[in-house]
Structure formats: C-alpha cells, structure tokens
Amino acid sequence: MSTFFSQAFIGLVLSLGAVEYYHRTKKPASQIISVAGDDDTNSTTASSSSSGNAAVQEEGSESNKTRSIQFSRFQQMYVLVYLLMNGADWLQGPYVYALYESYGYKQADIATLFLCGFLSSMIAGTFIGAIADKYGRRFMCIVFGICYSLSALTKLSPDFTILMTGRFLAGIATSLLYSSFEAWMVHEHNARGFNPTQLSNTFTIATFGNGIAAIVSGLVAGFFADRWGYVSPFMLSLVCLMVGTVVVAYTWSENYGDASIDVQSTFQNAWTTLKSDRRVLILGMVQSLFEAAMYTFIFMWTPALQEEYKLGLPFGTIFASFMVSMMIGSSLYDISINHHYSPEQIGRFIYMTATVSFLVPYLTTSTAAIFISFLIFEICCGMYYPCQGTLRGKYIPGNSRAAIMNFFRVGLNFLVVVVLLKVSELAYGIVFLICAAWLGIACVLHTLFIANQHQTPTR
C-alpha cells in the first residue's frame with residue numbers, strides 16, 4: 001500500500017506538469033481570434049492614421065507597460081508576504097499535536113488546547129475585523145506577526161497554562177491571517193486603479209505558491225524536527241514571521257475601511273451589510289460551510305486512512321500529495337477563467353464535486369478509494385481559494401471588509417467546535433457524511449447566490 005501512495009504522488013506531479021504546460025502554452029481560440037483581430041485592426045489603423053495618432057498610440061503603449069510593471073511589483077510584494085506568513089503556519093502545523101504529546105499530555109488535554117484555539121478565533125472574529133477596518137489593515141497584519149510569534153515562543157515551555165496562552169494567541173492570529181491580509185490587498189488593488197480582472201490572477205498565484213510553500217515547509221520542518229526535536233520547526237517559523245512582519249512594516253502602505261467612525265460603528269456597519277445585502281450573507285454562509293468541512297477534514301483524514309491501513313501511513317508522501325492536488329486545482333481555476341467561465345459558475349462546480357468526494361468515506365472503507373476522494377477534495381480547495389477570494393473582492397464593501405470577513409469565520413469555528421466536541425462518539429464515516437451535508441447546503445446556497453448576482457455590488 002505504501003507503493004500506492006508513492007505512485008499516486010508521482011502521478012499527481014506528472015498531472016501538475018501537464019496542467020501547467022497546457023496553462024502556459026495554450027490559449028482559448030477566442031483569445032487567439034481576438035489577438036489576430038487586434039493585429040488586423042492595428043495594421044489598418046496604422047496605414048490610415050496620421051503621425052500624431054501614432055504618437056498618441058505609442059504614449060498609450062508606454063503607459064500600459066508602466067502600469068503592468070507597477071502591478072507586477074505590487075503583486076510580488078503581496079505574494080512574498082503571503083507566502084512567508086503562510087509558510088510559517090505550515091512549519092508549525094504538522095508538529096503541534098506531536099509536540100504536545102511529547103510533553104506528556106493525553107488526547108483529552110490536547111483536544112482542550114485545540115478547542116481553545118478555535119474558540120479564541122471564533123470570539124475574536126466578532127470584533128477584530130472591525131478593529132482592522134478602523135485602525136488599519138497593515139497595522140493588524142503587524143499585530144498578526146507579533147501574536148503568532150509569541151504563540152511560537154510558548155512552545156518552548158511544557159507548562160499547560162503557557163501552552164493554553166499560546167493556543168489563544170494562535171486563534172487570534174488565525175482570524176487576522178485569513179482576513180486582514182486579503183482586505184489590505186483588495187483595497188490597495190482597487191485604490192491603485194488596477195484592472196479588476198487581475199484580482200483573480202493574484203489569488204491564483206498566491207494559492208499555487210502556497211501549495212509550494214506547504215510542501216517545502218513540510219520537508220524543512222521534518223528535517224529540523226528529526227535533528228533538533230519537535231520544537232525546532234516553531235523556532236524556524238518564528239524567523240519567517242519576523243521577516244514577514246518587517247517587510248509589512250517597511251514596504252506596505254496603510255489602508256482603512258472607514259477610519260472616521262468608531263469600532264462599534266464599523267461592527268454595526270458590517271452587521272447591517274450582512275442583513276441588508278443577501279449576496280454577502282449567502283457568500284459568508286457558503287464560506288463558513290465549506291471551510292468548516294475543510295478544517296474538520298484536517299482532523300479526520302488520518303483516522304479515516306488508518307482505519308484499514310494498519311502498517312503506518314507515509315504522512316510526508318500523503319501531505320505532499322494533498323498539496324500537489326491543491327496546486328492542480330489552482331491551475332485549473334486559472335484555466336477555467338481563461339476560458340471565460342465566471343467565478344460564480346466555477347464555484348457551483350467546486351461545491352458539487354466536494355460534496356460527492358466526502359460521500360466516499362461514508363460509503364466505503366477502501367483506503368485507496370478514500371485517499372482518491374481526499375485528493376479530489378484538495379483539488380476543489382485549490383480552486384476554492386482564488387474563486388472565493390475573487391467573489392469577496394467583488395461583492396464585499398470596502399469600508400468594512402475585514403469585519404465582514406471575520407464574521408464569516410465565526411460560523412465555521414462554531415461548526416468545527418461542535419464536531420470536535422462529539423468526534424470521539426462518532427464513526428469517521430458519519431463525520432464525513434456531516435461534512436458532505438454542509439457542502440451540499442453550500443452548493444444550494446451558492447446557486448441562490450448566482451440568482452442574486454446581477455444586483456450592483458456594494459463597494
């Protein structure tokens with residue numbers, strides 16, 4: 001069976017190479033026709049226009065080139081920080097449970113620590129976004145770096161209270177990681193006048209790069225853990241967090257939601273938007289359901305695969321396979337956009353496919369079938385992140401973006417906490433059936449979202 005996982009990984013890498021080759025070398029016929037038509041038009045125009053018009057065209061071409069360079073620099077600056085911060089998170093993730101266990105804590109104690117993190121993230125999500133909109137997204141990105149750095153430092157101590165404090169800080173940091181950074185980027189993208197369609201490209205690159213960062217982080221963390229113990233990946237993560245925080249502090253400009261109103265008013269504006277704009281509410285519900293299923297999957301994939309496979313799972317190979325699958329999904333999303341499918345259309349495909357994939361662990365105990373279904377779900381995750389990010393950028397108003405995004409996280413954290421509290425009483429197949437139900441509801445809600453999409457987005 002170990003050979004099966006290795007062969008699956010090789011097949012995924014080859015598939016990723018094929019998808020990327022197609023992505024980089026092939027263009028839809030409509031784009032080719034469009035380019036040819038533009039060339040013919042330009043030729044006709046050039047032969048009939050005056051030298052003055054040619055000068056204007058040349059000036060316009062130089063202006064477009066300058067804007068393209070400005071956008072590339074902006075995109076690279078954001079993606080660099082995004083990968084540093086997420087890379088720090090990936091370095092810690094595989095060894096949190098193992099570190100707690102090495103300190104002598106039992107499963108019940110470890111579950112309590114994890115629950116603390118989810119609860120703090122859920123509670124912080126109700127107000128921390130409003131603080132970011134009021135006092136600045138860049139400022140809160142720096143706060144993230146500080147909180148997560150302090151959380152990493154708590155791993156040096158085996159004291160339960162200190163570790164609990166670390167989980168509390170990590171929960172707050174998680175709320176900031178998945179709201180303030182994106183809110184800053186989307187606001188800056190719009191404020192600098194970049195093409196709205198380029199927003200999808202930034203999300204796609206960030207998601208694809210995140211897959212690479214996860215694989216590299218996993219390998220590096222394993223190397224450090226084998227030589228210097230389970231706490232060493234956390235110290236390496238601390239370095240990434242410090243570097244990323246310094247880059248944010250010295251290279252990012254500040255932006256706000258509405259700095260002229262107080263935090264309570266920002267909170268109220270976000271809540272009013274959720275109540276008055278049906279699209280934003282549905283978008284948030286879909287996000288909560290999908291990501292609740294995703295976080296539950298993170299806890300459940302190991303016991304699901306171990307149920308029949310008793311010889312010891314090749315965790316490194318499986319984790320790398322998941323990340324390669326996510327990268328495939330990211331590329332497939334970009335290919336779909338290039339072929340003129342809208343994010344709204346792609347979203348429906350994602351949720352339908354994800355629902356089916358999570359029915360498999362309920363219907364069979366075959367390790368191979370379950371593993372393949374998990375790979376399909378990871379492909380859906382790779383498509384989901386740029387798709388959902390683009391939709392948030394399009395429909396969520398900028399004056400309370402971070403606050404609204406954190407409201408979304410309250411729901412998902414609540415669902416995950418409920419499942420974790422009962423997980424010891426449920427068979428893994430039942431847990432995945434619950435997740436499939438969440439995803440099915442998300443698919444229905446997304447269909448309703450599509451029906452309401454033609455309203456003018458609130459900015």
Side-chain angles (χ1 to χ4, degrees), residues 89 92-94 96-101 105-130 144 147-148 151 154-155 160-179 267 270-271 274 281 283-304 354-355 358 361-362 377 381 384 388 402-442 445:
D89 192 37
Q92 296 189 31
V96 176
Y97 192 101
L99 180 67
Y100 293 155
E101 198 171 43
Y105 293 108
K106 304 300 181 182
Q107 187 178 32
D109 297 323
I110 296 173
T112 300
L113 289 168
F114 274 97
L115 282 172
C116 177
F118 280 110
L119 286 171
S120 70
S121 182
M122 182 175 70
I123 294 169
T126 61
F127 62 85
I128 205 165
F144 159 82
C147 281
Y148 216 15
S151 174
T154 62
K155 303 303 187 294
F160 190 83
T161 303
I162 294 176
L163 292 174
M164 183 73 79
T165 302
R167 291 306 301 170
F168 177 80
L169 291 171
I172 295 174
T174 300
S175 287
L176 291 169
L177 178 62
Y178 292 107
S179 60
F267 178 90
W271 182 247
L274 288 173
L281 177 61
L283 191 66
M285 294 171 67
V286 169
Q287 177 173 318
S288 294
L289 289 164
F290 184 90
E291 294 189 13
M294 181 182 68
Y295 280 110
T296 303
F297 163 76
I298 291 173
F299 283 93
M300 293 304 300
W301 70 261
T302 299
T355 301
F358 270 3
Y362 175 73
F377 178 72
C381 289
Y384 165 82
Q388 187 72 1
I404 292 172
M405 288 170 62
N406 270 295
F407 269 126
F408 295 171
R409 294 193 60 80
V410 172
L412 83 88
N413 280 299
F414 174 77
L415 291 173
V416 173
V417 167
V418 169
V419 170
L420 285 179
L421 289 172
K422 297 292 184 180
V423 71
S424 61
E425 304 171 13
L426 301 172
Y428 76 85
I430 298 299
V431 175
F432 280 103
L433 182 62
I434 293 171
C435 291
W438 290 346
L439 293 168
I441 295 171
L445 289 173

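Predicted model only: the values in this text are computed from it and were never measured.
From C381, atom SG reaches atom CD of Q388 across 12.0 Å, with rounding to the nearest 0.5 Å. Atom CE in M122 sits 10.0 Å away from atom CG in L415 (nearest 0.5 Å). In this structure, the separation between CG on L289 and SG on C435 is 10.5 Å, given to the nearest 0.5 Å. Atom CZ of R167 and atom OG1 of T112 lie 12.0 Å apart (nearest 0.5 Å). If you take CZ on F168 and OG on S121, they are separated by 10.5 Å, rounding to the nearest 0.5 Å.
In this structure, Y295 places its OH atom where more than 12 heavy-atom neighbours from other residues, nucleotides or ligands lie under 6.0 Å away.
Heavy atoms only, all atoms of each residue included: I110 and E101 are closest at CD1-N, 3.9 Å. Residue L439 comes nearest to F290 through the heavy atom pair CD2-CD1, 3.4 Å, listed as atom of the first residue, atom of the second, then distance.
A donor-acceptor pair is defined here as one N or O able to donate and one able to accept, closer than 3.5 Å; no such pair exists between the side chain of Y100 and the backbone of D109. Remark: the backbone N or O of C147 is not paired with any side-chain donor or acceptor of S151 at under 3.5 angstrom. Checked by atom type and distance alone, the side chain of T154 never pairs as donor or acceptor with a backbone atom of L163 at under 3.5 Å.
L177 has its side chain out of reach of Y148: every pair of non-hydrogen atoms, C-beta onward, lies at least 4.5 Å apart. Residues F297 and F358 have side chains in contact (heavy-atom distance under 4.5 Å, counting atoms from C-beta outward). Contact check for L113 versus V96: no side-chain heavy atoms found under the 4.5 Å cut-off. Considering only heavy atoms from C-beta on, N413 stays 4.5 Å or farther from I123 through its side chain.
For Y362 and F432, the gap between ring centers reaches or exceeds 6.0 Å.
For V419, the side chain to side chain contact (heavy atoms under 4.5 Å, CB included) partners at least two apart in sequence or on another chain are T296, V431, W438.
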Derivation and outcome, side-chain contact (heavy atoms from CB on, under 4.5 Å), residues T174 and D89: CA-CA 9 Å; T174 300; D89 192 37; 5.8 Å; no
